[in-house]
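Each chain gets a letter, A, B and so on, in the order the sequences are listed, and its residues count up from 1. Please read all numbers here as calculations on a predicted model, not as lab measurements.
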There are 2 protein chains.
Amino acid sequence: MIASDSSRQRSIKNGSERAEHLAGLIMALARREGMRAGDRLIEQRLADALDLSRAPIRLGLKALEAAGLARGEPHRGFVLAKNPTSGAAQPALAAVRRNEQVYATIAGDVLASRLPADITEAELMRRYGLSRAELQRLLDRIAAEGWIARLPGYGWRFAETISSPEAQAQAKAFRAVIEPAAIAQPGFALPQEVIVRLRERQQRVFEGELERMTIGEIFHSGCEFHEEIIRGAGNPFFLEALKRVNSIRRLFAYRSFADRDGMRRHVREHLRLLDVLETRRYTEAAELMAKHLQRPLVAGLS
Amino acid sequence: MIASDSSRQRSIKNGSERAEHLAGLIMALARREGMRAGDRLIEQRLADALDLSRAPIRLGLKALEAAGLARGEPHRGFVLAKNPTSGAAQPALAAVRRNEQVYATIAGDVLASRLPADITEAELMRRYGLSRAELQRLLDRIAAEGWIARLPGYGWRFAETISSPEAQAQAKAFRAVIEPAAIAQPGFALPQEVIVRLRERQQRVFEGELERMTIGEIFHSGCEFHEEIIRGAGNPFFLEALKRVNSIRRLFAYRSFADRDGMRRHVREHLRLLDVLETRRYTEAAELMAKHLQRPLVAGLS
DNA sequence: GATTGTATATTGTTGCATAAAAGAACAATC
DNA sequence: GATTGTTCTTTTATGCAACAATATACAATC
């Protein structure tokens, strides 16, 4: 439906923060794409991938250079200086946006029911020391993720979804319905190149990268995998529904610990699923997916 | 999850417009609740039902009185003056919000692909003659409904969902998956009072009110029915997903003509479904729902 | 005891000026 | 021929003050 994960982060006062954020986006992209040290970072291509124009990309690249993650020469553009490992991406994001922290804090407070279900903007501004503009942006983002909504009068209301302790189980139950069903849809089809790309990534994760990934990255990768597959149904409602669930699951994910062994098994199942999908045995694939989603994975990723 | 249908409409310059809007909300509520001429309109109760405080309700009531739809006496509050029929609710809404019109226009333009997928706010302001604030509000609403999203840079992108000609069929396919599945969920249960309320409403519609309802109202009533039922699964993700689909289906609904006979049959199926649900034969109910959703209904309501 | 009337405090909106960010076009370079 | 460098235009954000709407508390009335 709509790529919602690249939710924008403006409202930066300190110019360099914005640049570092962009740098982070670029590194994350490079990582996902499996780029290595020495690969060229072509402005237009990055811009297209991130739905931006070259101007902001440029800022990001300069920030990367300043952080020693990229090297640039006049008229020859930039080149990755280091393999974009998890660790490498961090420094660029060292100036973790305050907004990002506040976001996490709010999420935590809601999960722990430290906030009332109904709350005014003014109250939120006071509690978290935000300006109106900052709060606005934050609320927009949260609303887009679906766990808050305006009341008709003053104030906002947090969704039950997230505050409920059973939310995690409910998300699972929901996915267990839509994901296999999507695969079983009449027109389901996954282009070969998508399968190849997905297999590559899962393979990379399986073969060691897992150890170097943060929980957030692992989770993101899992979401991407499942979203790509559900996309095969060609029905955006399935995709959109999954994205929403995932954006809420992400909130829990941060508080779960990493069970690397479970994850490894998990990724193996992903690979197995790809094999079945490749041969177009969709009924079987749907069943496999159903089983995959039933498996209780401690870390809450799938 | 979150009651999103009472999307607020502020930004009114002409004070009375806001009041008339509120009046409309009150009448619509009275209608849904099956109130009759002579029934009291208790401020606090209306306020609770509409998630507002008494102050705005009061404005609405006064507007209703001015429109001759309610009678008020000092210290005795207001009383419905007429049965809240579809026609009666109209005059109060005569000053149909310009925003509402623009909303409809945009929806139409997107459906007809008269707008590019990516577009800037400035462009939208020019095209539809809106102030930034007005547009902002509109975009927020549309974003909440899920058919537009910000790009990371400048501009917004319309969802594929809505512009696709198959969207209608896709929405149907999606519902055909989640609604029966929700009923089949382990913990599914529908409180008796909900069944009673739903039956009452459907009964009312079946016994003639149908003829006097607008397409919009018929559609709304159908959505509410299905949403109440899916709520029985106790899993907000199902409910939320259905709400989203419905908010998009509503866009199509306005352009479909009314097939009163088909609708009558349709409502009969609703009543039948309630009977089965009442006896807790959920497996059977799920099957019934699946069939119900397969039936090709011209008017695109369900 | 519930509901309405009224006054007051709080909350959110609008428009505007300034500043910052992003996009687009084209020349320069590899 | 693709990519980078540079410049210019357009678009959007931000903070602020005046204003409008909503919420709340309590008294008055039924």
Distance test, side-chain N/O of B:R150 to OP1/OP2 of D:dA13, below 4.0 Å: yes
B:R45 vs C:dT3: side-chain N/O to OP1/OP2 distance below 4.0 Å: yes
A:E240 side, atom CD; A:R231 side, atom CZ - distance, nearest 0.5 Å: 11.0 Å
B:E123 with B:R126: basic N within carboxylate O range, under 4.0 Å: yes
Side-chain heavy atoms of B:M27 within contact of B:L80, under 4.5 Å: yes
N/O (side chain, A:R40) to phosphate O (OP1/OP2, D:dT4) under 4.0 Å: yes
Euclidean distance, atom CG of residue B:L130 to atom C1' of D:dT12 [Å, nearest integer]: 16 Å
Most 5' of B:R132 and A:R126 on DNA chain C, judged by nearest nucleotide: A:R126
Flag side-chain contact, heavy atom, 4.5 Å: B:L64 against B:F78: no
Between P of C:dA22 and CD of B:E123, the distance in whole Å: 20 Å
Between D:dT11 (P) and B:D118 (CG): distance, integer Å: 15 Å
Axis-to-axis angle between the two ends of the helix from C:dG1-D:dC30 to C:dC30-D:dG1 (five base pairs per end, rounded to 10 degrees): 60°
Integer-rounded Å distance: C:dG5 C1' and B:I42 CD1: 16 Å
Between C:dG23 (P) and A:L50 (CG): distance, integer Å: 11 Å
Ionic contact status for A:E121 with A:R150, cut-off 4.0 Å: yes
Atom of B:R54, atom of B:A47 and distance for their closest heavy-atom approach: N-CB, 4.1 Å
Most 5' of B:A122 and B:L59 on DNA chain D, judged by nearest nucleotide: B:A122
Whether over 12 other heavy atoms sit under 6.0 Å from A:R197 CZ: yes
B:D39: salt bridge (Lys or Arg N to Asp or Glu O under 4.0 Å) partners, not counting sequence neighbours: none
Letter per nucleotide, 5' to 3', of nucleotides 23-30 of chain D [B base touched, S only sugar-phosphate touched, - untouched; heavy atoms, 4.0 Å]: B-----SS
Atom-pair distance (CG on A:L22; P on C:dA21), nearest Å: 10 Å
Atom pair distance, as rounded to whole Å: CG in B:L135 and P in C:dT13: 15 Å
Distance, rounded to the nearest Å, where B:Q136 contributes CD and C:dG12 contributes P: 16 Å
Touch class at under 4.0 angstrom, heavy-atom based, for B:L124 against every strand present: nothing
Working for side chain to side chain contact (heavy atoms under 4.5 Å, CB included), residues A:I119 and A:R127: CA-CA 11 Å; A:I119 194 163; A:R127 285 213 199 207; 4.3 Å; yes
Distance below 4.0 Å between B:R18 side-chain N/O and D:dT22 OP1 or OP2: yes
N or O in side chain of A:R58 less than 4.0 angstrom from D:dG5 OP1/OP2: yes
Side-chain H-bond candidate by donor/acceptor type, B:D140 with B:Q136, under 3.5 Å: no
Side-chain N,O (B:R137) to OP1/OP2 (C:dT13) below 4.0 Å: yes
